[in-house]
There are 2 protein chains.
Amino acid sequence: MAEPPSKNVITIRDVAGLAGVSQMTVSKVMRNVGNISATTRNKVLNAARELGYVPNSLAQSLSSRRSRLVAVIIPSMADVVFSEVLSGVNSVLKTQGLQTFIGESHFEPETEMELMRTMLSFQPAGLLLNGGMVRNPEGGELLRKRACPAIQLWDCEENDLDFAAGPSHEEAGRMVAERFLAQGVSRIAYIGTELEKDLCAKRRYLALRARLAEEGITLVTRNSESMPRQAVSGRVLAEQLLAEHPDIQAIHFLNDAMALGGLSYLHEVGVQVPEGVSVIGFNGTSIANTVRTRLTTVDVPRTAIGEIAARALLDLVGRKASPSFWRAPLSLVEGNTTPAIR
Amino acid sequence: MAEPPSKNVITIRDVAGLAGVSQMTVSKVMRNVGNISATTRNKVLNAARELGYVPNSLAQSLSSRRSRLVAVIIPSMADVVFSEVLSGVNSVLKTQGLQTFIGESHFEPETEMELMRTMLSFQPAGLLLNGGMVRNPEGGELLRKRACPAIQLWDCEENDLDFAAGPSHEEAGRMVAERFLAQGVSRIAYIGTELEKDLCAKRRYLALRARLAEEGITLVTRNSESMPRQAVSGRVLAEQLLAEHPDIQAIHFLNDAMALGGLSYLHEVGVQVPEGVSVIGFNGTSIANTVRTRLTTVDVPRTAIGEIAARALLDLVGRKASPSFWRAPLSLVEGNTTPAIR
DNA sequence: GCATGAATTGTTATCGATACCATTCAATTA
DNA sequence: TAATTGAATGGTATCGATAACAATTCATGC
């Protein structure tokens, strides 16, 4: 832990002293509660201003047992998806004076546990997290004991918490399957990374595979548990995939960035898109539209998910509510990496 | 503020009761300080585990006057640049058990002020922020009174705080100027957004303009204070720019995303890149390499900036240090949106 | 068998604020 | 006029922990 600050900080006591009133009065003025005469009020405000008084939120929370911190646990901030969800969360919370504080789990269960414990120790007013943790027995235990509302983010298939906001990943997987089926291809592949860790991505993948299986199609899979979820990995995995399965007609990528990486490889080796191979991404990130490519992708309203989750939290704070959820609408954005449907 | 939690939480007192020791002993065991016999230690740990005790960090910090929170203020989390810097910060801080908490300023001075006040009220162990605020008189006042180390992020031209980590934006502007000059173009334009708010971007812009002016070249500028810093804006602004200045030979964009947007317009209207117009972006984000385009751009080590800043903070915590800085290395990444230099 | 210092454990005050209730005093009501 | 009311202010305990020191236990050696 950090060393104690050297400077002597201004407390409510100093303000009270300068203003010639009790600490209680200062406290009331600062919080705008109770009946305070205009005269006293001004005396206090002037004293506070003069001393540069800033209330100690730690002491406030400890004393009042109310917190202004909201804990958010996401897999990674460097991922556009989560940083945009986070941005949505933050934009709503800050209107109510709530402070977001963040932990990155990198999809690692131990890190998630550690984070949850740490974050709960700050007595947050609420907790937003991915669903994965809930299923972890130790995590479930902590969550059950929690003293604040908890909301599931980005995953909305099952909801064991007070609210959930996110798309149906199964629906997303099926949407992609339907799109490929509609255009009549049968040699279909999936390219992704960290599928064993990212349960949401896995759910999409499984739904895609299941729907194709219904039509007697076996999905070819290329997954790496160690590569980053970026363009370069899409490129490398596409290369590997085509080396083994040169006759593939369609590829669904874990996300848009990887799809673009894959496209760059396809272009390089002269494969026509969408004539030779069609490609669908996931997320609908702004990069989906690059210079000559408009990637066909599944658009997810990321910021809206964050906003809805945060608004639900505001509703829940201090109340007991029955589990509920918001399923984010998904839409297939048609680009030029898939052919027109017959 | 949130309502108080209904559940009765487990405190150190409960653990002490169950273990049959004093609260002080529990406190020492939990923190691993002082001399505690193995027997007592185990009794306490078992009791803590049994009750599911989680220490209250708020009370800890209030009592010990040490904090585990580090406040970070960035313009936007949805911007790759800052989310990657943040990711670097976080990766270092979490190794020391420090918790990052974040505020988004959206480049608005009032928001920045408000945020600074709020965040300082949590008695953070450290503060990481953009340089802009330091120059704001009211913000400067708050910063001078701060009881914790403060570090400037993403901006390193002048340093009024304890440390600064970021690139030299002036150098970046000059690098772009030199590149264009080397290839012999003279009708050069800059496309950006929010230049009045983003002082770092403005610095790059001014440096580019100044260097060109030395060669007698007048930089054509297209700036929008209201558009988002995304591909679509680059597209729109490029269209406007070319309508007024059809003879432009080179464009520097505020960031890579906008450059890609601009490229998509150029491609659409049949302008050859780099033969007709050459393009340079900024940041070196992963999207710079898209399907057929390898954008020439200035690469900035974003994650490293965050890491270096965080490491500096760890060093500074609890010490008085003289102002210092780390200037991030910049490199011009040659893509195929600029012609080879003669 | 007893002093002695080290190893353990406990007591009390405090961190900076708020909850809850008591008090003061002027204005209103019966 | 006395009683009631309500606005304005203040006193005390407390939130959950730690700092600083005090008190106790416990092996030792002589």
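Computed from a predicted model, the values in this text were never measured in an experiment. The sequence lines fix the lettering, A, B, ..., with proteins before strands; numbering per chain opens at 1.
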With respect to the phosphate group of [N], does any side-chain polar atom (N or O) of [X] fall under 4.0 Å of OP1 or OP2?
X       : N      : result
B/Ser63 : D/dA17 : no
B/Ser61 : C/dC15 : no
A/Thr11 : C/dG16 : no
B/Thr25 : C/dG10 : yes
A/Arg31 : C/dA19 : yes

When you get a sec, tell me which of [options] is the closest nucleotide to the side chain of [X]?
X       : options                : answer
B/Ser37 : C/dT8, D/dG10, C/dA17  : C/dT8
A/Leu62 : C/dT11, D/dA17, D/dG16 : D/dG16
B/Pro55 : C/dT9, D/dA17, D/dA7   : D/dA17
B/Asn56 : C/dT8, D/dT9, D/dG16   : D/dG16
A/Met24 : C/dA19, C/dC15, D/dA17 : C/dA19
A/Arg65 : D/dA19, D/dC15, D/dG10 : D/dC15
A/Ile36 : D/dG16, C/dA17, D/dT9  : D/dT9

Remember a base hit wins even if backbone is also touched, and classify [X] as base, sugar-phosphate or nothing at under 4.0 Å, heavy atoms.
X       : result
B/Leu58 : nothing
B/Ile12 : sugar-phosphate
A/Ser57 : nothing

[X] [atom1] to [N] [atom2], straight-line distance once rounded to whole Å:
X       : N      : atom1 : atom2 : value
A/Asn35 : D/dG10 : CG    : P     : 14 Å
B/Asp14 : D/dA17 : CG    : C1'   : 13 Å
A/Ile10 : C/dA17 : CD1   : C1'   : 15 Å
B/Gln23 : D/dA20 : CD    : P     : 18 Å
B/Gln60 : D/dC15 : CD    : C1'   : 14 Å
A/Arg41 : D/dA8  : CZ    : C1'   : 14 Å
B/Arg68 : D/dA17 : CZ    : P     : 12 Å

Exercise. For DNA chain D, whose closest nucleotide is more 5', that of B/Lys28 or that of B/Ala59?
Worked result: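 Nearest nucleotide further toward 5': that of B/Ala59.
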Exercise. Distance only, no hydrogens: is a donor on one side chain within 3.5 Å (strictly under) of an acceptor on the other, for B/Ser37 and B/Thr40?
Worked result: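 Indeed, the side chains of B/Ser37 and B/Thr40 share at least one donor-acceptor pair under 3.5 Å.
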Problem set entry | Residue B/Glu114 excluded, over 12 heavy atoms near CD under 6.0 Å | no
Exercise. Does atom CZ of A/Arg327 have more than 12 heavy-atom neighbours, drawn from other residues, nucleotides or ligands, at distances under 6.0 Å?
Worked result: yes
If we ignore hydrogens and angles and just use 3.5 Å, is the side chain of [X] paired with the main-chain N or O of [Y] as donor and acceptor?
X        : Y        : result
A/Thr95  : A/Val92  : yes
A/Ser105 : A/Glu108 : no
A/Asp162 : A/Ala150 : yes

For this session: With DNA chain C as reference, determine whether B/Thr40 or A/Val54 sits nearer its 5' end, using the nearest nucleotide of each.
Result: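 That would be B/Thr40.
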